[in-house]
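Heavy-atom basis, side chains included; hydrogens, waters and symmetry copies ignored. Lettering of chains follows the sequences in order, A, B, ..., and the numbering in each one begins at 1.
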2 protein chains.
Amino acid sequence: MALEHAILVSLLEKPGSGYELARRFERSIGYFWTATHQQIYRVLKRMENDGWVDARDVPQQGRPDKKEYSVADLGRAALSSWLHDPIEPESVRHDLAVKIRGAAFDDPAALIHEVERHRQAHRDRLTHYLAGQARDFTEPEPKPDPEPRPAAQPTGPQPPPDAERELQHAVLRGGIAYERMMIGWLDDVLATLARFGPDR
Amino acid sequence: MALEHAILVSLLEKPGSGYELARRFERSIGYFWTATHQQIYRVLKRMENDGWVDARDVPQQGRPDKKEYSVADLGRAALSSWLHDPIEPESVRHDLAVKIRGAAFDDPAALIHEVERHRQAHRDRLTHYLAGQARDFTEPEPKPDPEPRPAAQPTGPQPPPDAERELQHAVLRGGIAYERMMIGWLDDVLATLARFGPDR
DNA sequence: AGGCTCATGTAACATGTTACATGATTCC
DNA sequence: GGAATCATGTAACATGTTACATGAGCCT
């Protein structure tokens, strides 16, 4: 499983509390992974016990204190080892595809609204991703980091600092490609469903 | 959850044993849903208890007997009701995307082989889908069913008989679009990774 | 006063994965 | 004789989901 690893990556990109992680999993990380706060708190506790992350209490004004987590050496090593382990290419799970094949035994036309809803959701996500891309990845030259990184971590190899940004962009382009593909396919499905009108 | 519904759809398309279902989940149904035989046996047992499916012992020559399941009226009703319930558009989970973002904190070039492996797996699947499409969906006219369906089931509306085939094809086209998208994206990722060579 | 956001959690349950177990037949 | 396929299952464990719980402060 990779929830732990997704958390490690997110904390390496920026330390934060369980709550903040949960929010990120609704946004940028959520492009390719989802998790609820219950899951995150549970896993985070285990990771703390295993020494993968360090926690530090951060008092705040006007807000409850938070525990800010950051990646410990053991966590960094665990991530590195996972990165070097091959994983099986997963197959997708599409509830909607089950519905589409199931519609043949019910009323195909009744599915049109559902498919249109999904199409709209994918359009919305695409719009959101494109906005994010325009916001974060339009500068022709990556701006020279005005404040250099705190310090090079002691462990492991150190890729150039803009690798982080470039690879985030590559993943975002994947999200964009996925949403575009889905919109196109759902149009195809709608055209197919339309051929089985309500009274045929 | 939709494993039960995926099983119902598969059994409506053709009755079969748990073992046969498990095989189908590695093939056609597996395009959009996966399940191991353990899961299938467990769920199938529950479905039988709930009266969603009927089981019938089929003795075979040279092979162990099998329990052939078929969809009962209650199961058909359950499927129909699920089809009419809206579901949330799911977000994807891509281990590989976690790895790609994680590579920024390790050695990006070390990921190249892994990404190439995945690209190959998607190419293989695409080839397999295209072969299936050529095999099953090339006739310009759907062949007139020589042996008409056993009998119209008593429940629910009855779409035209080629709806099943057409909708299966639409789902397969989705699989094809997905694999093509992934291959294109992984090429993009490879080009990005290549910019962070082993000795930069 | 009521609802929202920030912040962290417990408990129960549903699903999914991995390992193990059995036994017949067919193919090499 | 050994491996693969057909066929069905149990048990233990890991993950993921849903519901519930608490409490401070901010906004209207």
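Checking C:dT8, C:dC6, C:dG16 against every side-chain atom of A:S17, the shortest atom distance belongs to C:dT8. Nearest to the side chain of A:P64, among C:dG23, D:dG23, C:dG16, sits D:dG23. Closest approach to the B:H37 side chain among D:dG9, C:dC6, C:dG16 is made by D:dG9 (side chain taken as heavy atoms from C-beta onward). Set against C:dA7, D:dT17, C:dG16, the side chain of A:T36 has D:dT17 as its closest nucleotide. If you check D:dA11, D:dA19, D:dA7 against the side chain of B:Q38, the one that comes closest is D:dA11. For A:K67, the side-chain atoms get nearest to C:dT8 when compared with the rest of D:dA7, C:dC20, C:dT8. Relative to the side chain of A:K66, the nucleotides C:dT8, D:dT17, C:dT17 differ in distance, and C:dT8 lies closest.
Contact annotation: B:Y19 side-chain N/O to D:dC6 OP1/OP2 distance is under 4.0 Å. Look at B:R23 and you won't find any side-chain N or O under 4.0 angstrom from OP1 or OP2 of D:dA7.
Between the CZ atom of A:R93 and the C1' atom of D:dT15 there is a distance of 12 Å, given to the nearest Å. One can place CG of A:D65 at 11 Å from P of D:dG25, the figure rounded to the nearest angstrom. Rounded to whole angstrom, the span from the CG atom of B:L21 across to the P atom of D:dA7 amounts to 12 Å. As a whole-Å value, the separation of A:L3 CG from C:dT17 P is 15 Å. A:R42 has its CZ atom 9 Å from the C1' atom of D:dA14, to the nearest Å. Between the CD atom of A:Q61 and the P atom of D:dA24 there is a distance of 18 Å, given to the nearest Å. Spacing between atom CD of A:Q39 and atom C1' of C:dC13 amounts to 14 Å, rounded to whole angstrom units. Atom CG of A:L44 and atom C1' of D:dT15 are 16 Å apart (whole Å).
Closest-nucleotide positions on DNA chain D for B:G18 and A:T34 were compared, and the one nearer the 5' end corresponds to B:G18. Along DNA chain D, the nucleotide nearest B:K45 and the nucleotide nearest B:E20 are compared for position; the residue whose nucleotide lies closer to the 5' end is B:E20. For the pair A:Y41 and B:A35, nearest-nucleotide mapping onto DNA chain C gives the more 5' position to A:Y41.
Surrounding CZ of A:R173 are more than 12 heavy atoms belonging to other residues, nucleotides or ligands, all under 6.0 Å away. Within 6.0 Å of NE2 in A:H128 there are 12 or fewer heavy atoms belonging to other residues, nucleotides or ligands.
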Pair B:R46-B:E4, salt bridge (charged side-chain N to carboxylate O under 4.0 Å, His left out): steps then yes or no
CA-CA 9 Å; B:R46 186 173 63 216; B:E4 293 137 277; 3.5 Å; yes
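Among the heavy atoms of the strands lying under 4.0 Å from B:Q60 are primed sugar atoms or P, OP1, OP2 only; no base atom is included.
A:H94 and A:Y178 have parallel rings, their planes meeting at less than 30° on a 0 to 90° scale where 60° marks the start of perpendicular. Below 30°, between 30° and 60°, or above 60°: for B:H37 and B:Y41 the angle between ring planes is above 60°, a perpendicular geometry.
Recorded end-axis angle for the helix from C:dA1-D:dT28 to C:dC28-D:dG1 stands at 30°, based on five pairs per end and rounded to 10 degrees.
With hydrogens and angles ignored, the 3.5 Å screen pairs a side-chain donor or acceptor of A:T127 with a backbone N or O of A:R123. With hydrogens and angles ignored, the 3.5 Å screen pairs a side-chain donor or acceptor of A:E20 with a backbone N or O of A:S17.
Here CZ of A:F25 is found 5.0 Å from CD1 of A:I40. Values are rounded to the nearest 0.5 Å.
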